[in-house]
Chemist: 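One structure coming up, written as structure tokens, with questions to follow.
Computed from a prediction, not measured in an experiment: that's the story for all the values here. All chains are named by letter (A, B, ...) in the order of the sequence lines, taking the proteins before the strands, and each is independently numbered beginning at 1.
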2 protein chains.
Amino acid sequence: MRVSRAQAEENRRRVVETSSRLFREHGFDGIGIADLMKAAGLTQGGFYKQFASKEELAREASEQALEQNLAFWQRMREQGGEQAFTAFVERYLSATHRDAADRGCLLAACSGHTRHRAQPVRAVFSKAVEDYAGLLIEMKRQAGVEMSRPQALAVLSQIVGALMLSRAVDEPALSDEILQAAVARLTDDRR
Amino acid sequence: MRVSRAQAEENRRRVVETSSRLFREHGFDGIGIADLMKAAGLTQGGFYKQFASKEELAREASEQALEQNLAFWQRMREQGGEQAFTAFVERYLSATHRDAADRGCLLAACSGHTRHRAQPVRAVFSKAVEDYAGLLIEMKRQAGVEMSRPQALAVLSQIVGALMLSRAVDEPALSDEILQAAVARLTDDRR
DNA sequence: ATTATCTATAGATCTATAGATAATGC
DNA sequence: ATTATCTATAGATCTATAGATAATGC
């Protein structure tokens, strides 16, 4: 039953990884420890030998989701050159991202579930806002445009809001309209 | 124990009203039927004589929240004249609205909780997007500006996103910054 | 001997139902 | 007689813990 130390570490990592996806898909309260452990190929009993509480897992999984998703966009930015910002906006506000919340942006997937979370989880969301805003500023700089911090925060609100609304509504046509409207507003130079 | 038909109707209305506040505060899964009924001054047992399911209450409560909040902004619009849009944006993105989610906009309070709700609840969110977009267009028209539907949807994404992020983050200063950045972006004429 | 994971379970929820109670409304 | 609301509870969760099991690591 006992596994090697390296395997135990790998198992723990897999629980965090799997949870980061399942929390984004179902919300922190939308899935239980038994299902999270099962999805990672383990049973629920071992959970509290690895994590202090579900809240602690929520914090680690949120951090993981943030790091992973941000790293993805950073790679895209590095390859994007002057068009990085536009390419990012179009991809962030794509139907693909909308339909794969479990692999996507932490802010869009879980912002609605942080209100009654403990401080450590909420701190990750503060960091997420800072990190995404920084990413936007870098992308604009690559295009020779100096974007202020308030501008970056406003653009971030815009894309996160559009993605969340596109996921909340019932009608597919309206969902697409919301995404396209935000893309138009952010990429139209005549603004 | 039995009450008059009028009183029963009034009781039912109070359950919906109370739930519309408590769902916005805690999310649909964040509060149970026992607590909802207790907050309305009743006991849990009577619930299923009045409502088919918790999901049905969620739909009615969402509708109520939407109607009530929208009516509030409509009254403000009627009195606001040419400045109605600016006044709305400043008030929607105020610390007061951020700190009173239970009385505020349905979209900002509950959009993160609709993903796994049944179709009837999600339909209310589609209607909410349509209604708020219509409100924005009317406000702009009062200022002599013709706002397109895509523009209205983008502005709605902007304000909902900013309010949600301001509620999700941990640090008060960052929360205020997010709100102010969105206000600036929406009310600055040099855009 | 130590320990990672397992099975089993305590105790507290939650949604939904059953049947009792007591006041309305015919 | 009807019915709005009550108390009580079934059955299914959920978080967290206890103790057994069996493989690692000294």
Chemist: Could you state the interatomic distance from SG (B:Cys110) to CZ (B:Phe28), rounded to the nearest 0.5 Å?
Modeler: 4.5 Å
Chemist: Please state how far atom CD in B:Gln7 lies from atom P in C:dG25, giving the value in whole angstrom units.
Modeler: 11 Å
Chemist: With side chains defined as the heavy atoms from C-beta onward, is the minimum distance between B:Gln151 and B:Lys140 less than 4.5 Å?
Modeler: no
Chemist: Does NZ or CZ of B:Arg12 come closer than 6.0 Å to the centre of the six-membered ring of B:Phe51, within 45° of the ring's axis?
Modeler: yes
Chemist: Looking at C:dT21, does its base get a donor-acceptor pair with the side chain of B:Arg2 below 3.5 Å?
Modeler: no
Chemist: Measure CD/B:Glu55 against C1'/C:dT15 and give the value in whole Å, please.
Modeler: 12 Å
Chemist: Round to a whole Å and report the spacing from CD of B:Gln50 to P of C:dT17.
Modeler: 15 Å
Chemist: Please check the phosphate of C:dA4 (OP1 and OP2 only) for any side-chain N or O of A:Asn11 closer than 4.0 Å.
Modeler: no
Chemist: Which residue lies toward the 5' end of DNA chain C, B:Ser53 or A:Glu9, if each is placed at its nearest nucleotide?
Modeler: A:Glu9
Chemist: Using 0.5 Å steps for rounding, measure from the CG atom of B:Leu156 to the CD1 atom of B:Ile137.
Modeler: 10.5 Å
Chemist: Between C:dT5 atom C1' and A:Arg14 atom CZ, what is the distance in whole Å?
Modeler: 12 Å
Chemist: Tell me which nucleotide among C:dA4, D:dT24, D:dT15 gets nearest to the side chain of A:Ser4.
Modeler: D:dT24
Chemist: A:Gln64 and side-chain contact (heavy atoms from CB on, under 4.5 Å): which partner among A:Arg59, A:Glu17, A:Arg21?
Modeler: A:Glu17
Chemist: Where the side chain of A:Arg5 is concerned, which of D:dT5, D:dG25, D:dA16 is the nearest nucleotide?
Modeler: D:dG25
Chemist: Rounding to a whole Å, what distance do you find between A:Arg12:CZ and C:dT5:P?
Modeler: 11 Å
Chemist: Indicate the ring-plane relationship of A:His97 and A:Trp73, choosing parallel, tilted or perpendicular according to the 30° and 60° boundaries.
Modeler: tilted
Chemist: For A:Lys54 and D:dT13, what is the distance between atoms NZ and P respectively, to the nearest whole Å?
Modeler: 15 Å
Chemist: Take N1-N3 plus N6-O4 or O6-N4 for Watson-Crick, N1-O2 plus O6-N3 for G-U, both under 3.5 Å. Which runs of 3 or more such pairs involve DNA chain D?
Modeler: C:1-24 with D:1-24
Chemist: Taking the side chain of A:Ala8 as heavy atoms from C-beta outward, which of C:dT15, C:dG25, C:dT5 is closest to it?
Modeler: C:dT5
Chemist: What is the separation between atom CG on A:Asp29 and atom C1' on C:dT15, rounded to the nearest whole Å?
Modeler: 16 Å
Chemist: Please list, in numerical order, the residues of residues 34-48 of chain A that have a heavy atom closer than 4.0 Å to any atom of DNA chain C.
Modeler: A:Leu42, A:Thr43, A:Gly45, A:Gly46
Chemist: Hey, could you give me the CD/CG distance between A:Gln68 and A:Leu106, rounded to the nearest 0.5 Å?
Modeler: 11.5 Å
Chemist: Check the distance between C:dT21's P and B:Lys49's NZ and give it to me in whole angstrom.
Modeler: 15 Å
Chemist: Quick check: are there more than 12 heavy atoms from other residues, nucleotides or ligands sitting under 6.0 Å from CZ of A:Arg77?
Modeler: yes
Chemist: Is it true that B:Asp170 and A:Lys127 make a salt bridge, defined as a side-chain N closer than 4.0 Å to a carboxylate O?
Modeler: no
